[in-house]
**Q** 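Can you read through this structure? Questions will come right after.
Side chains included, hydrogens not; waters and symmetry mates left out as well; all remaining heavy atoms used. Just so you know, residue 1 is the first one in the sequence shown, and it goes up from there.
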Amino acid sequence: MSAEPRMTMQVQAVLRTLLDDPATPCYGLRICAETDLPSGTVYPILARLELLGWVESAWEDPGAQVSEGRPRRRYYTITPDGIERAREAIARTYRARRRPLPGWLSRPGVA
């Protein structure tokens, strides 16, 4: 897919968490904890990234949660294409924020 998500700070935080260790699947509530974002923010971001092909997800083995007494987890992994596209998008966003202001905005006394 050629589309790209809007690179909000929340999207960047989710992508950075997935990029920390791209080979290791990460479940949603762990992403919430690492980004300090609520599940109502993280899960829609993961769903959009999955639709774009940047992220893949899979449910864990049903027996795992039974032995631990918790609900079944859905694990998310950033795809190889997602790794490349996320790094480019984050870098582009960073460069855009680091650009100097136009001359008329950077003069002292100009609001």
Side-chain angles (χ1 to χ4, degrees):
M1 298 207 146
S2 62
E4 185 174 293
R6 206 169 109 238
M7 292 304 290
T8 63
M9 297 303 284
Q10 294 87 352
V11 170
Q12 292 176 59
V14 169
L15 288 171
R16 282 190 178 102
T17 299
L18 294 169
L19 287 169
D20 280 345
D21 188 1
T24 303
C26 192
Y27 59 95
L29 289 179
R30 180 173 161 217
I31 295 171
C32 292
E34 290 188 20
T35 60
D36 201 28
L37 294 170
S39 61
T41 299
V42 170
Y43 286 107
I45 289 171
L46 290 168
R48 284 193 305 273
L49 293 173
E50 192 166 13
L51 284 173
L52 293 171
W54 289 29
V55 170
E56 295 175 335
S57 69
W59 288 100
E60 74 178 334
D61 177 28
Q65 91 275 6
V66 171
S67 64
E68 295 180 27
R70 59 168 172 75
R72 205 166 145 202
R73 291 178 177 160
R74 188 171 186 168
Y75 283 88
Y76 297 87
T77 307
I78 192 161
T79 64
D81 184 50
I83 292 170
E84 182 180 329
R85 308 243 358 237
R87 287 180 176 157
E88 290 170 1
I90 290 170
R92 195 170 39 255
T93 302
Y94 177 78
R95 284 191 305 270
R97 281 197 323 255
R98 305 305 293 166
R99 266 190 218 129
L101 293 172
W104 62 272
L105 282 177
S106 60
R107 286 188 306 218
V110 176

**Q** Indicate yes or no: does R48 engage E4 in a salt bridge with an N to O separation below 4.0 Å.
**A**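 No, no charged N to carboxylate O under 4.0 Å.
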
**Q** Side-chain heavy atoms under 4.5 angstrom apart, residues restricted to Ile, Leu, Val, Met, Phe, Trp, Tyr: same cluster for Y27 and V42?
**A**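 Yes; tracing contacts between hydrophobic side chains, which count when under 4.5 Å, links both residues.
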
**Q** Are T77 and P22 close enough that some pair of their side-chain heavy atoms sits under 4.5 Å apart?
**A**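 Sidechains of P22 and T77: no contact.
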
**Q** Any heavy-atom pair between the side chains of R6 and V11 that's under 4.5 Å?
**A**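 No. Closest side-chain heavy atoms not under 4.5 Å.
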
**Q** When rounded to the nearest 0.5 angstrom, what distance separates CD1 in I31 from CD1 in I45?
**A**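 Answer for the CD1-CD1 pair, I31 versus I45, is 10.0 Å.
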
**Q** So how far is it from I78 CD1 to E50 CD, rounded to the nearest 0.5 Å?
**A**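 Between atom CD1 of I78 and atom CD of E50 there are 12.0 Å.
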
**Q** Might you point out which heavy atoms bring A13 and T35 nearest each other, and give the distance in Å?
**A**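 Minimum heavy-atom contact is O-CG2, 3.5 Å.
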
**Q** Under the 3.5 angstrom rule, does the side chain of T41 hit a backbone N or O of L37 as a donor-acceptor pair?
**A**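 Not confirmed, T41 side chain does not pair with L37 backbone.
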
**Q** So which heavy atom on C32 is nearest to which on S39, and how close?
**A**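 C32 and S39 have their closest heavy atoms at SG-CA, 3.5 Å.
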
**Q** Do you know the tightest heavy-atom contact between A89 and W54?
**A**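 Shortest heavy-atom contact: CB-CH2, 4.3 Å.
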
**Q** Taking all heavy atoms of R85 and all of A3, pick out the closest pair and write down the distance.
**A**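 Shortest heavy-atom separation between R85 and A3 comes out as NH2-O, 3.2 Å.
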
**Q** Tell me whether D36 at atom CG has more than 12 heavy atoms from other residues, nucleotides or ligands lying less than 6.0 Å away.
**A**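 Counting neighbours around CG of D36, 12 or fewer heavy atoms of other residues, nucleotides or ligands fall under 6.0 Å, so no.
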
**Q** Do T79 and E56 get their side chains close enough for a donor-acceptor pair, meaning under 3.5 Å?
**A**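 No pair is found: no donor N or O on one side chain lies under 3.5 Å from an acceptor on the other.
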
**Q** To the nearest 0.5 Å, what is the distance between CZ (R70) and CG (L29)?
**A**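 The CG atom of L29 is 10.0 Å from CZ of R70, to the nearest 0.5 Å.
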
**Q** Short question: side chain of Q12, backbone of M7 - any donor-acceptor pair under 3.5 Å?
**A**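 Side chain of Q12 to backbone of M7: a pair is present.
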
**Q** Check whether any side-chain heavy atom of L46 lies under 4.5 Å from a side-chain heavy atom of S57, and answer yes or no.
**A**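 Heavy-atom side-chain distance check fails, nothing below 4.5 Å.
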
**Q** Just by distance, do the side chain of E60 and the backbone of R73 share a donor-acceptor pair under 3.5 Å?
**A**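 Yes.
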
**Q** With rounding to the nearest 0.5 Å, note down the distance linking CG in L18 to OH in Y76.
**A**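 Output value for this atom pair is 10.0 Å.
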
